[in-house]
Amino acid sequence: MSLGDEEKYDKVVDLAMRRGFFWPSYEIYGGLAGFYDLGPLGALLKENIKNLWLDYFVFKHQDMVVLVETPVIAPEAVFKASGHLESFTDPIVACSKCNKIYRADHLLQDSLGVRTEGMHPEELNALIKEKGVRCPSCGGELGEVRTFNLLFQTNVGPYRHGTAYLRPEAAQGMFTSFKRVFTSMRYTLPVGIAQVGRVARNEISPRQGMVRLREFTIMEVEFFFDPEEPITPDFNRFQGRLKILTAESRRSGVEEPITVKPEEAVAEGIVLNPWLAYWMSVAQAFVKEIGLGEGEVVFEEKLPEERAHYSRQTFDQLVAISRWGWVEISGHAYRTDYDLSRHMQFSGEDMTVYRELREPKEAVVRRVVVDEAVLRESLGEEAVKVVNILKSFKADEAERMIKDGEVVVAGLRVPANALRVVEEVEVIRGRRFVPHVIEPSFGAERLVLVALDKAYTEEGGRVVLKLPPRIAPYKLAVFPLVTKDQLRSVARRIYEEAVRAGLTVIYDEDGSIGRRYARVDEIGVPFAVTVDYRTLDDGTVTVRLRDTREQVRVGIDDLIRWVANRFTGSQL
RNA sequence: GCGGCGGUCGUCCAGCCUGGUCUAGGACGCCGGCCUCCCAAGCCGGAGAUCCCGGGUUCGAAUCCCGGCCGCCGCACCA
């Protein structure tokens with residue numbers, strides 16, 4: 001890990017601001033912590049990263065993953081159900097003397113030995129006053145207990161009950177629309193619902209530049225599957241080994257990750273679910289295209305107390321960048337049936353799915369049969385009152401009554417011979433259950449920063465951004481060698497042709513050719529085309545490669561195809 | 001949220017301590033022109049800073065004082 005490489009980080013940030021990748025928002029009003037603008041180049045870079053993500057997580061899996069878009073604002077009920085309202089509100093209290101901040105409930109629980117879980121701030125306040133609790137650090141007086149929630153609150157319409165929140169993750173949109181998507185997908189399982197969108201988290205003190213934002217773009221898949229279905233993912237599709245640092249080894253102080261194939265990690269019980277391991281392998285293949293080799297990515301398993309309330313197992317995908325060291329670029333959580341079950345409970349909507357078994361099963365069931373003729377004989381007209389009650393009896397209950405000889409139901413004596421328990425063979429064709437969920441989730445802005453950090457190099461005092469061509473904001477630069485009209489007009493024509501072909505292109509005739517190469521190197525343009533005098537003779541141009549400065553001659557007619565061929569996976 | 005340090009053209013830096021000489025200086029970058037047959041060459045010209053914001057002290061504030069905002073570091077917090 002290249003910790004503490006502050007000089008490089010400063011240069012990356014300087015480049016980002018100077019050339020227009022990103023900068024702090026609202027600068028003219030003094031800025032606002034935790035908010036960043038993406039500039040002309042940053043917006044393109046992020047768009048390319050987003051499209052790359054869509055390619056890996058949606059289009060390469062379009063037999064099972066679909067894309068949706070849901071609102072940023074959600075009503076309070078959603079976050080009550082999701083657990084965010086509860087789990088993100090901490091009661092905190094500050095010492096008025098030394099200003100240390102404590103979790104109020106934890107402080108009281110520790111110092112008084114009473115259970116404070118779930119207490120309201122008023123109760124905690126009262127308790128502090130009553131027992132005279134003071135700051136454990138300096139003995140100073142404690143201030144008022146306040147709550148702090150990471151959700152941004154807002155209001156929908158002019159109504160008092162319109163309390164709503166900005167989503168802190170896209171996931172709830174996928175859960176609340178699950179039934180619709182599932183139906184429109186003709187009940188396929190497994191099914192992934194993907195979304196790219198803005199989220200907001202009211203971080204207490206975000207002070208890591210682009211690493212920790214209060215508003216950012218999340219790229220997320222909620223992948224729904226049948227936990228009992230023995231289908232295994234096709235691990236051959238995204239080959240590679242995963243470096244995994246397990247919770248167990250972290251507990252015992254081991255910081256060295258193990259390297260395993262994803263399927264081995266499942267077989268050995270390191271990763272609890274095959275789909276979790278599968279999507280981790282996809283995540284690794286995806287970031288490889290951003291410039292991160294296999295060896296540079298580590299999946300760190302979160303300790304139980306570090307996990308979110310909904311997760312059974314979580315791996316953070318970490319990469320090392322300058323200045324900040326290991327940063328989390330994605331989280332992979334096994335959310336089980338937590339979310340759908342909660343929404344089922346809170347909304348009253350049935351979130352279960354029905355699946356046919358591969359082979360119908362035969363099962364022996366014991367049923368209660370009521371002999372209505374016998375019943376009428378002994379109870380006459382009143383028989384109707386008890387018949388349904390009797391039918392709802394479990395087989396065991398009925399048998400007990402039969403053994404006792406008679407039974408009193410609804411104040412009526414029912415003879416035992418009115419009941420019989422029969423054994424029947426029933427064919428079971430399917431079952432109902434709440435699907436389980438695996439969630440891979442990426443922060444787009446962090447990937448922008450990581451891509452820049454990885455790509456940043458200096459060669460002989462000049463900056464070369466070695467961005468992979470697929471994500472480079474501009475793919476091609478076109479220059480006339482000198483500003484002579486014949487060269488210019490050819491260069492202009494090439495520029496226009498490249499634009500028509502759908503490439504992002506820079507045309508520049510300002511300054512010396514060397515200066516122009518340097519300018520486009522700095523923003524990561526992978527290929528530069530120079531129209532020179534030889535072009536006028538034989539119709540070829542110089543293509544100069546950013547990373548090697550190598551020059552090759554290419555015919556104008558082949559140029560676009562030549563460039564396009566260097567973007568594997570592009571639609572061109 | 002607290003404490004320490006900082007905030008001057010796009011960028012980096014000088015000036016601040018010791019108030020006036022600052023209509024704020026330099027370098028790089030940027031823009032226009034000239035020159036130029038391949039890696040930040042040269043020449044000419046130009047734009048660009050209400051010195052972070054607000055208030056105060058003073059005849060006079062980039063400079064001194066107070067408050068705010070933002071950034072960095074530490075503490076605390078952190079799905």
Side-chain angles (χ1 to χ4, degrees), chain A residues 6 9-11 13-20 23-35 39 82-84 86-88 90 92-103 106 137-138 140 143 146 148-151 167-169 171 199 201-209 211-212 214 218 302 305-311 314 316 323 328 331 333 335 439 441 443 459-464 477 479-484 487 509-522 528-537 541-546 548-551 553:
Chain A
E6 302 217 358
Y9 177 78
D10 288 345
K11 284 175 172 175
V13 171
D14 175 55
L15 171 71
M17 301 222 284
R18 229 167 4 89
R19 298 304 309 267
W23 52 75
S25 301
Y26 312 115
E27 278 180 306
I28 63 166
Y29 289 104
L32 186 61
F35 296 87
S82 72
H84 285 92
E86 208 175 274
S87 301
F88 289 136
D90 292 339
I92 53 176
V93 65
C95 169
S96 53
K97 198 170 142 204
C98 70
N99 295 308
K100 271 196 160 45
I101 291 180
Y102 301 94
R103 270 286 294 269
H106 291 181
S137 164
C138 75
R146 318 177 274 129
F148 188 81
N149 193 305
L150 261 54
L151 294 174
R167 61 182 178 186
E169 56 172 10
V199 299
R201 302 175 182 187
N202 201 1
E203 302 282 354
I204 295 175
S205 169
R207 283 187 303 182
Q208 296 166 68
V211 174
R212 196 122 167 258
R214 285 190 164 121
I218 214 164
K302 303 321 290 178
E305 61 270 26
E306 293 172 334
R307 290 200 300 257
H309 57 280
Y310 47 70
S311 175
T314 299
D316 279 352
R323 173 70 197 268
E328 175 197 332
R335 296 179 76 132
E439 174 199 73
S441 171
E459 283 171 12
R462 37 194 265 193
V463 175
V464 182
F479 309 139
L481 182 60
V482 294
T483 45
K484 293 273 185 281
L487 300 184
E509 55 177 44
D510 189 27
S512 72
I513 191 74
R515 187 191 278 302
R516 280 176 271 161
Y517 284 144
R519 268 199 291 254
V520 296
D521 280 349
E522 197 180 38
V529 166
T530 299
V531 175
D532 50 32
Y533 289 103
R534 195 173 141 194
T535 308
L536 301 178
D537 293 338
V541 291
T542 301
V543 178
R544 181 263 196 187
L545 309 183
R546 175 195 66 196
T548 58
R549 299 199 193 180
E550 186 191 339
Q551 301 197 341
R553 298 293 303 186

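Computed over heavy atoms, backbone and side chain alike; hydrogens, waters and symmetry mates excluded. Here is how names work: the chains are called A, B, and so on, in the same order as the sequence lines, proteins then strands, and each is numbered from 1.
- Comparing A:Glu27 and A:Leu32 by the nucleotide of RNA chain B whose heavy atom lies nearest to each, the residue mapping closer to the 5' end is A:Glu27.
- Across the protein-nucleic acid pair, A:Trp23 atom CH2 and B:rC52 atom P stand 22 Å apart, rounded to whole Å.
- A:His84 places its NE2 atom 14 Å from the C1' atom of B:rC78, with the value rounded to the nearest Å.
- Atom CE of A:Met17 and atom CZ of A:Arg19 lie 14.5 Å apart (nearest 0.5 Å).
- Without hydrogens or angle criteria, A:Arg516 side chain to A:Pro480 main chain gives a donor-acceptor distance under 3.5 Å.
- Separating the C1' atom of B:rU63 from that of B:rG56 is a span of 15 Å, rounded to the nearest Å.
- Here the P atom of nucleotide B:rC37 and the CZ atom of A:Arg553 are 15 Å apart, to the nearest Å.
- Between the OH atom of A:Tyr517 and the C1' atom of B:rC37 there is a distance of 11 Å, given to the nearest Å.
- Both distances falling under 3.5 Å, in either a Watson-Crick or a G-U wobble arrangement, occur for no nucleotide opposite B:rC37.
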Please evaluate residues A:Ser82 and A:Tyr310 with respect to the criterion side-chain hydrogen bond (donor to acceptor under 3.5 Å, both in side chains), reporting the C-alpha separation (whole Å), side-chain torsions for both, the decisive distance (0.1 Å), and the verdict. CA-CA 8 Å; A:Ser82 72; A:Tyr310 47 70; over 6 Å; no
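- Distance from the side chain of A:Lys484 is smallest for B:rU36 among the nucleotides B:rG10, B:rC31, B:rU36.
- Close to B:rG29, at under 4.0 Å from its OP1 or OP2, lies a side-chain N or O of A:Arg515.
- Atom CZ in A:Arg516 sits about 13 Å away from atom C1' in B:rA41, given to the nearest Å.
- Protein atom CG of A:Leu15 is 17 Å distant from nucleotide atom P of B:rG10, rounded to whole Å.
- OP1 or OP2 of B:rA41 sits under 4.0 Å from a side-chain N or O of A:Ser512.
- The side chain of A:Ile513 lies closest to B:rC38, out of B:rA40, B:rC78, B:rC38.
- Between A:Arg549 and B:rC38 there is no side-chain polar atom (N or O) within less than 4.0 angstrom of OP1 or OP2.
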